[in-house]
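To start, the structure under review is shown below, and the notes come after it.
All heavy atoms count here, side chains included; hydrogens, waters and symmetry mates do not. The first residue of the sequence shown is numbered 1, and numbering continues consecutively from there. Ligands are counted one by one from 1 in listed order, and the atoms in each one are counted from 1 as well. Just so you know, these numbers come straight off a predicted model, no measurement behind them.
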Amino acid sequence: MSYKRSLRYGMSGFLIASMVCMQGCLWSSSKRTTSLDINSALQKDTIVPLLIIGSGPAGLTAGIYGIRGMVKTVIIQGTEPGGLLTKTTEIENWPGEGKILGPTLINQMRDHAEKLGVEFLADTVTSIDLSQWPYTVRTEEGLTIHALSIILATGATPRMLGVPGEQDYFHGKGVSTCAVCDAPFTKGEEVLVVGGGDSAIEESIQLAPYAKNVTLLVRKESMRAAPRMQERLKQYPNISVRYNIAIEKVEGNEERMTGVQAINTKTNEQETIPATRLFLAIGHDPNSQLVKGSLAMDEQGYVETVGKTQVTSVSGVFAAGEVEDNHYRQAIVAAGRGAGAALDALAFLSDVGFNPTIAASMKLFTVQVTKKKDLINLKSMQDFNERAREGFVVLDFYTNTCPSCLQMIPTVEAVAANYDQKVEFFKVDADEAVDLVKKFFVYKVPALVVLHNGKLVARYNDVMNKQELTDFVEQFLQKSH
Ligand code: NDP
């Protein structure tokens, strides 16, 4: 591919984006790159030839193709390492695998990429500046990286209902977007799932073995989920489906949700449906906020790509997976798009004159191995009594099926290394240490429980980055003085 072709991509991106804009898109002006002079990269430090943002099937496949193209490839993992696939259970539609668990598949992909030499950065991007090439990417941990090419594979985030009470009872008080994470904590409970797609069915099935009853609330008179998926519901006697029901409010007693206020969309009759859990499975929104205003997007925020490529409206920036695919939204498609994005990025790098000789004279970025403390895994109350000292103890409750928990553990390990003498950190597998879960009222994971001389003094029910966790630790240490 010639450099001219690369520019043509940019131009066709511009034309397509302009045409889409005429139809009312959010994108207003194409930020064309002014200079793609490879010599400008020699003046910069922390250069990454291929930077991939996101570590789901699209990002990991892009990584495999990038590194096999003999280009240094770094993946910034983001807030949900592994992406949405880690929230599913059995997958039957991955060619060559009759049945495989989502988290197993994603771990295999990551191992594959790592073995080939892809570097993983456990960090989250806070800003992307595409006004000058090489592009500048900043992270939550304070890093500044200069990227010659970027693949945006940031996926999508579960949508919220936007009704009163939903936010009040989120984070451990009943409302959740991750059935696979929280299912083990719903034992004997009345559980609601809202949605009518494949995800709503999958979540109901994940909950059925634990909950007393699962009621699936569908706002229309039919579901859009695949007939084969709808058929699967019949195998679970404790799952029932109610049609034409829309949730208007989540109610509770401040500590926990107690039910939802709902309306029958046909009769307009209102009712309160008692439940202690509500799982949201109403679709996803693309994670494209980082490039809003700098890349062409449609009105829903999906990044526009050009023709049958993964090229975006800015030269050297590519998009793959659910951040740009509003149509198929399948892991296998995301992986394919990731491969395409990497091939496009390799062609771009070659066009701008990047090669092994010039790479040798660049100040390349290398992922630093962070200091960490391996956490002891507490398996029971007895374990806790034998191991925990007096003073401050932090228990990090997790389960192996919870993606945000698996993201939290390395953060806790890194922060624990800085408080070795002052605070003792343990991890607790919530599936196994049932007595500890009961004792410390853990309703969802991840959950951090802080004890001082055996007394519960603080808790936190969500993911934190290193800085947030450090601030959290400093706060409870200061309170004790
Ligand atoms: P979908 O976009 O397919 O479905 C969203 C559902 O939520 C729709 O039924 C929609 O209702 C409903 N909904 C949206 N907003 C509201 C609201 N405010 N109140 C009540 N209901 C609402 O999303 P999914 O996450 O289910 O699926 C996304 C993609 O992932 C699909 O392509 C799906 O096939 C795929 N997938 C595949 C799986 C598999 O193969 N095993 C598993 C899970 C997902 P309405 O229909 O009325 O618009």
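In terms of protein heavy-atom proximity, atom 6 (C) of ligand 1 is nearest to G196 N, 3.6 Å. For atom 48 (O) of ligand 1, the closest non-hydrogen atom on the protein side is R224 NH2, 2.6 Å. Here the heavy atom of the protein found nearest to atom 23 (O) of ligand 1 is G283 CA, 3.6 Å. Looking only at protein heavy atoms, the nearest one to atom 24 (P) of ligand 1 is S199 OG, 3.1 Å. Looking at atom 41 (N) of ligand 1, its nearest protein heavy atom turns out to be E202 OE1, 3.8 Å. Taking atom 11 (O) of ligand 1 as the reference point, the nearest protein heavy-atom neighbour is R219 NE, 3.3 Å. Nearest to atom 34 (O) of ligand 1 among the protein's heavy atoms is D198 OD2, 2.6 Å. Closest protein heavy atom to atom 5 (C) of ligand 1: I282 C, 3.6 Å.
No donor-acceptor pair closer than 3.5 Å links the side chain of S199 to the backbone N or O of G197. Of the possible polar contacts, none joining the N213 side chain to the V191 backbone as a donor-acceptor pair under 3.5 Å is found.
Closer than 4.0 Å to atom 39 (C) of ligand 1 lies none of the heavy atoms of the protein.
Using a 4.0 Å cut-off to heavy atoms of H284, the atoms of ligand 1 that qualify are 25 (O). Shown in contact with G197 at under 4.0 Å from a heavy atom are these atoms of ligand 1, numbered in order with element: 4 (O), 6 (C), 9 (O), 26 (O). Listed by number with element, the atoms of ligand 1 under 4.0 Å from a non-hydrogen atom of Y328 are 32 (O). Within ligand 1, the atoms closer than 4.0 Å to a non-hydrogen atom of V194 are 20 (C), numbered from 1 in the order shown. For ligand 1, the atoms closer than 4.0 angstrom to any heavy atom of N93 are 40 (O).
With a 4.0 Å heavy-atom cut-off, ligand 1 is reached by the side chain of L161 but not by its N, CA, C or O. Of all the heavy atoms of R159, none lies under 4.0 Å from any atom of ligand 1, so neither backbone nor side chain is involved. Contacts between L217 and ligand 1, counted as non-hydrogen atom pairs separated by less than 4.0 Å, are absent for every part of the residue. Both the backbone and the side chain of R329 come within contact range of ligand 1, each with a heavy atom under 4.0 Å. Using a 4.0 Å cut-off between heavy atoms, I247 makes no contact with ligand 1 at all. Contact annotation: for A281 versus ligand 1, heavy atoms closer than 4.0 Å belong to the backbone alone.
Under 3.5 Å, the side chains of T139 and D123 contain a donor-acceptor pair of N or O atoms. The closest side-chain donor-acceptor pair between Q270 and Q261, if any, does not fall under 3.5 angstrom. Defined by atom type and a distance below 3.5 Å, a donor-acceptor pair is missing between the side-chain atoms of N264 and E269. When only modelled atom types and interatomic distance are considered, Y460 and D396 share no side-chain donor-acceptor pair under 3.5 Å.
Using a 4.0 Å cut-off between charged side-chain N and carboxylate O, K212 and E189 make no salt bridge. Taking the charged nitrogens against the carboxylate oxygens, D285 and R159 do have a contact shorter than 4.0 Å, which makes a salt bridge. For K173 and E255, the salt-bridge test fails: no basic side-chain N is under 4.0 Å from an acidic carboxylate O.
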Just list the side-chain donor-acceptor pairs under 3.5 Å for residues 108-119, sequence neighbours left out, or say none.
residue	atom	partner	partner atom	Å
R110	NH1	Q77	OE1	2.2
R110	NH2	E114	OE2	3.0
E119	OE1	V367	N	2.9
E119	OE2	K72	NZ	2.6

Which atom pairs, donor and acceptor, lie under 3.5 Å between side-chain atoms of residues 219-227 and protein residues at least two apart or in another chain?
residue	atom	partner	partner atom	Å
E221	OE1	K266	NZ	2.6

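Annotation for R459: atom CZ counts as buried by contact number, over 12 foreign heavy atoms lying within 6.0 Å.
A cation-pi contact, defined as under 6.0 Å to the ring centre and within 45° of the axis, links R256 to Y443.
In this structure, M223 falls outside the shell of residues with a heavy atom less than 4.0 angstrom from ligand 1.
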